[in-house]
Engineer: 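Could you have a look at this structure, given as structure tokens, before my questions?
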Amino acid sequence: DAKTTQPPSMDCAEGRAANLPCNHSTISGNEYVYWYRQIHSQGPQYIIHGLKNNETNEMASLIITEDRKSSTLILPHATLRDTAVYYCIVRLLNYGGSQGNLIFGKGTKLSVKP
Amino acid sequence: SAVISQKPSRDICQRGTSLTIQCQVDSQVTMMFWYRQQPGQSLTLIATANQGSEATYESGFVIDKFPISRPNLTFSTLTVSNMSPEDSSIYLCSAGQGFAGELFFGEGSRLTVL
């Protein structure tokens with residue numbers, strides 16, 4: 001089962017920052033936080049991941065709380081093309097057998113409105 | 001990044017038949033996974049495709065129904081056997097390098113069983 005909790009839906013005005021929260025209160029020390037998004041009828045797209053430090057790339061920023069029990073994905077200037085389902089996933093660090101894979105929850109449906 | 005190509009992109013099949021889906025990655029990868037996405041649902045992990053050995057299946061999925069091959073580091077197949085309408089889904093291939101890196105997804109193979 002997924003180890004994360006996300007709101008089922010959110011709205012954001014175009015041009016504003018979209019802040020998507022994720023709760024992962026049972027995360028263990030060897031698990032990363034990953035974010036993916038899925039635009040309708042497409043395969044999931046990788047956004048960003050982190051372990052305990054905040055991360056930023058050309059798409060988004062990831063803010064992880066100090067206790068690592070929650071995180072926030074920030075899209076700094078949302079556009080209509082950012083409308084998608086956003087998945088927050090915790091992923092085991094050590095690979096072996098079924099470890100290292102991604103277990104998807106229900107995600108947050110983000111609607112960016114003009 | 002890795003580019004993942006899946007064939008077929010979509011197909012309509014008759015009940016009782018089998019279909020093999022191919023996944024080709026444009027570079028050598030250490031990990032490959034197969035997922036299923038039923039209509040309106042999130043992604044569910046079917047199995048880890050292990051190079052040179054039998055796949056590792058998740059609970060609820062068995063080798064007789066979903067045989068998987070992975071003959072090398074860039075290619076894998078998933079067969080959906082003895083199909084029924086309940087198998088109508090999008091099947092997605094995922095691949096990546098290293099346990100703490102990104103996992104990339106193909107665009108999926110949309111299967112409809114009549």
Side-chain angles (χ1 to χ4, degrees), chain A residues 1-9 22 27-53 55 57-60 62 64 84-109, chain B residues 1-7 9-10 21 23-25 29-51 53-61 68 76 89-110 112:
Chain A
D1 290 345
K3 296 180 65 175
T4 61
T5 303
Q6 299 177 252
S9 64
C22 179
I27 193 170
S28 60
N30 60 349
E31 289 179 318
Y32 283 84
V33 179
Y34 278 72
W35 283 83
Y36 280 77
R37 72 181 183 183
Q38 188 173 29
I39 297 171
H40 183 63
S41 296
Q42 297 182 18
Q45 177 189 21
Y46 167 82
I47 301 174
I48 199 167
H49 74 282
L51 183 61
K52 53 183 178 181
N53 298 320
E55 302 287 345
N57 62 21
E58 65 278 4
M59 288 183 66
L62 173 60
I64 302 174
V85 178
Y86 287 76
Y87 296 99
C88 170
I89 304 163
V90 295
R91 182 185 182 200
L92 282 172
L93 174 65
N94 297 312
Y95 177 66
S98 62
Q99 295 175 328
N101 52 47
L102 298 171
I103 304 299
F104 286 76
K106 298 184 185 300
T108 296
K109 184 174 183 179
Chain B
S1 64
V3 177
I4 300 174
S5 302
Q6 288 187 232
K7 290 182 181 179
S9 58
R10 59 179 63 231
I21 302 168
C23 177
Q24 179 72 56
V25 190
V29 290
T30 53
M31 296 175 293
M32 295 184 77
F33 304 97
W34 286 97
Y35 287 83
R36 179 175 74 182
Q37 188 170 29
Q38 296 177 303
Q41 303 296 314
S42 182
L43 283 76
T44 301
L45 179 66
I46 297 172
T48 302
N50 300 308
Q51 195 266 328
S53 65
E54 190 172 287
T56 304
Y57 290 85
E58 298 298 307
S59 176
F61 297 96
I68 289 171
S76 177
S89 290
I90 299 173
Y91 292 86
L92 297 115
C93 173
S94 174
Q97 283 281 21
F99 54 78
E102 306 164 20
L103 283 180
F104 300 96
F105 285 81
E107 290 302 310
S109 299
R110 183 182 294 272
T112 301

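By convention in this document, chain letters (A, B, ...) are assigned in the order of the sequence lines, proteins followed by strands, and residues within each chain are numbered from 1.
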Engineer: Can you tell me which portion of Tyr57(B) sits under 4.5 Å from chain A's heavy atoms? Options are side chain, backbone, both or neither.
Structural biologist: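 Nothing of Tyr57(B), per the 4.5 Å heavy-atom cut-off to chain A.
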
Engineer: Between Tyr87(A) and Leu43(B), which heavy-atom pair has the shortest distance, and what is it?
Structural biologist: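 Scanning both residues completely, I find the closest heavy atoms to be OH-CD1, 4.4 Å.
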
Engineer: Mind checking side chain to side chain contact (heavy atoms under 4.5 Å, CB included) for Ala84(A) and listing every partner two or more places apart, or none if nothing turns up?
Structural biologist: Arg37(A), Ile39(A), Tyr86(A)

Engineer: Given that the side chain runs from C-beta out, which part of Gln38(A) has a heavy atom under 4.5 Å from chain B: side chain, backbone, both or neither?
Structural biologist: side chain

Engineer: Evaluate the side-chain proximity of Pro44(A) to Leu92(B): yes if any heavy-atom separation is below 4.5 Å, no if none is.
Structural biologist: yes

Engineer: How many angstroms lie between atom CZ of Phe104(A) and atom CD of Gln37(B), to the nearest 0.5 angstrom?
Structural biologist: 8.5 Å

Engineer: Yes or no on side chain to side chain contact (heavy atoms under 4.5 Å, CB included) for Ile103(A) and Leu45(B), after CA distance, side-chain angles and deciding distance?
Structural biologist: CA-CA 7 Å; Ile103(A) 304 299; Leu45(B) 179 66; 4.1 Å; yes

Engineer: Of all residues at least two apart in sequence or in a different chain, which pass the side chain to side chain contact (heavy atoms under 4.5 Å, CB included) check with Glu107(B)?
Structural biologist: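 By the side chain to side chain contact (heavy atoms under 4.5 Å, CB included) rule, Glu107(B) matches Gln42(A).
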
Engineer: Below 6.0 angstrom between ring centroids: does that apply to Phe105(B) and Tyr36(A)?
Structural biologist: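 Ring-ring flag for Phe105(B)/Tyr36(A): true, centres closer than 6.0 Å.
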
Engineer: Rounded to the nearest 0.5 Å, how far apart are CG of Leu102(A) and CE of Met31(B)?
Structural biologist: 8.5 Å

